[in-house]
Number of protein chains: 2
Amino acid sequence: MTSLPLHERIRTDIESRILSGELKPGDKIPSEKELMSRYGCARMTVNKALSALNAAGLLDRRKRAGSYVARPRTVAMMLDVPDLPTELARRGQIYGFRLLDRRISDTRRWREIGKKIGCEGRVLVTHGVHFADDVPVAYEERLVSLAAVPEIESQDFANEPPGSWLLRHIPWTEAENCIGATGANAVTARALKVSIGTPCLSVERRTWRAAECITFVRQLYIAGSYELIARFGSTGRG
Amino acid sequence: MTSLPLHERIRTDIESRILSGELKPGDKIPSEKELMSRYGCARMTVNKALSALNAAGLLDRRKRAGSYVARPRTVAMMLDVPDLPTELARRGQIYGFRLLDRRISDTRRWREIGKKIGCEGRVLVTHGVHFADDVPVAYEERLVSLAAVPEIESQDFANEPPGSWLLRHIPWTEAENCIGATGANAVTARALKVSIGTPCLSVERRTWRAAECITFVRQLYIAGSYELIARFGSTGRG
DNA sequence: CAGTGGTCTAGACCACTGA
DNA sequence: CAGTGGTCTAGACCACTGA
């Protein structure tokens, strides 16, 4: 039981009153001045605690009016998007990747490539299959902007799939995932060694670094082989 | 061009050097003392900027050693989990719900119910179908703990599906989603008016309020009818 | 106009930990 | 042991905005 810093104790104190329902949405929180005297500390310390609760979406703070318990919003959950090799290693399975196809395209010739990745220029296009213990689990199509990541042109992905290479080398600032379901088509069914129409979890992700698009990836996971976990909760401060 | 607070300017200044690649993973950031004199400000101001970058995962800070540009990590994304009626209204579609089945079970008799919801006692069990413009989009099985939500026993869900009723009445503090794909079975295929084996997006969610389990829901969305969006980015501070 | 939160200062003490 | 970051203080000025 290591003693928490004071601003953390103030934060969790108020947080637990909100989560327990003792403080309801719309209720007023005491002003910083009042909390100063209640906790016997400087205003900066109270401010740090309330600012954190504000950033976490639990409080609405307005000048002159004060701090109020926020109404619950359209809830956003934390979705863990692990690297597949890392995830399989955690499960004790052996990861493998087979590159099926690797070429360089140009969005000026192939319009649909530009639509997928969302930018113009030369693009590295790869297709491959992820394996767990030599059994196919996912088919992957990936586009990488060579304007943003010129170094990737010299990679052969013999030891490491493109996604893991990117994760290790290229910092990114924004990403968007689109998650759905689909049936395997002729190409993906053959690559995954399943029959056409087999249900698959589809994850499409676009990644940017400071407004410059880096990569688009579409992964198809055979139903049952892989699941995404999303959590919401006060315990999520790893 | 409203002038940003100083700590924000320091933050974005360093952030942009990291994102541009000028500062690479592992590079050392000047100490707070040095940044104080460089920006001509107090240490608290520099600290606020660096702490924010640390919280955002862009810096690793260690005592005595200093602050270093972090290696990009496996990142957790924000997953929007909207209420289905709300989401369809946003798209301009008419929402409908048909209750297929409603009964009360007890986990002491039906063990598999207790395993799903993760608690003991009397449980309201419903099955239903969500419609968009009178077309089925999702099949739903829901369990609600009557110990946690006794009021729900008197609801008939004629005007509102159980999920929306819960969202409006019961605050929750923790939730876990499990997202996968599956093929429709005989029961769900008939309810959704699709053929058996049709790919579906499966979303299972358990919800708790301060360690007390509230509800378990499993929804099957017909492939293509619904997608989940998850985002990550510095712009996500709505 | 008066109370609130946002920001900032110029100090301070401390725990930690790598040189 | 010396430099670093974590925390905290006791002030201050200010912009904002609802009573």
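Below, chain A is the first sequence line, B the second, and so on; all start at residue 1. On a predicted model such as this, the values are computed, not experimentally measured, just so you know.
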**Student:** In terms of the angle between their ring planes, are A:F97 and A:H130 parallel, tilted or perpendicular, with boundaries placed at 30° and 60°?
**Tutor:**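 Plane angle between 30° and 60°, so tilted.
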**Student:** Shoot me the first and last contacting nucleotide of DNA chain D against chain A, ordered 5' to 3', at under 4.0 angstrom to non-hydrogen atoms.
**Tutor:** D:dT7 to D:dA19
**Student:** Are any side-chain N or O atoms of B:T12 and backbone N or O atoms of B:E8, one a donor and one an acceptor, separated by less than 3.5 Å?
**Tutor:** yes
**Student:** If you assign each of A:S51 and B:A42 to its closest nucleotide in DNA chain C, which residue comes earlier from the 5' end?
**Tutor:**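 It is A:S51 whose nearest nucleotide is closer to the 5' end.
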**Student:** State the NE2-CG distance between A:H127 and A:L143, to the nearest 0.5 angstrom.
**Tutor:** 7.5 Å
**Student:** Please work out if B:L6 contacts a base, only the sugar-phosphate, or nothing of the nucleic acid, heavy-atom cut-off 4.0 Å.
**Tutor:**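 Sugar-phosphate: the residue B:L6, judged by heavy atoms under 4.0 Å, touches backbone atoms but no base.
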**Student:** Between A:K48 and A:K63, name the one whose nearest nucleotide on DNA chain D is closer to the 5' end.
**Tutor:** A:K48
**Student:** One thing to verify: whether B:K116 and B:E141 come together as a salt bridge, which I'm taking to mean a side-chain N less than 4.0 angstrom from a carboxylate O.
**Tutor:**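 Judged by the 4.0 Å cut-off on N to carboxylate O distance, B:E141 and B:K116 do form a salt bridge.
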**Student:** With DNA chain D as reference, determine whether A:R43 or B:G66 sits nearer its 5' end, using the nearest nucleotide of each.
**Tutor:** B:G66
**Student:** Contact class for B:R62 (heavy atom, under 4.0 Å): base, sugar-phosphate, or nothing?
**Tutor:**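 If one applies the 4.0 Å heavy-atom cut-off, B:R62 turns out to touch the sugar-phosphate alone, with no base involved.
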**Student:** Tell me the partner of D:dG18, counting only Watson-Crick (N1-N3 plus N6-O4 or O6-N4) or G-U wobble (N1-O2 and O6-N3) with both under 3.5 Å; none if nothing fits.
**Tutor:** C:dC1
**Student:** At their closest point, which heavy atom of B:L84 faces which heavy atom of B:Y226, and how far apart are they?
**Tutor:** CD1-CE1, 3.7 Å
**Student:** Could you tell me the Watson-Crick or G-U partner of C:dC13, where both distances fall under 3.5 Å? Say none if there is no partner.
**Tutor:**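 D:dG6 is the nucleotide pairing with C:dC13.
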**Student:** Side chains of A:I113 and A:K115: does their closest heavy-atom pair fall under 4.5 Å?
**Tutor:**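 Not touching, per the 4.5 Å side-chain cut-off.
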**Student:** Within the structure provided, determine whether A:I117 and A:R206 are in side-chain contact (heavy-atom separation under 4.5 Å).
**Tutor:**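 No, every pair of side-chain atoms sits at 4.5 Å or beyond.
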**Student:** Could you identify which residues of residues 26-38 of chain A place a heavy atom less than 4.0 Å from some atom of DNA chain D, listed by residue number, or say none?
**Tutor:** none
**Student:** Looking at every heavy atom in both B:L220 and B:S202, which two are closest together, and how far apart are they?
**Tutor:** CD2-CB, 3.6 Å
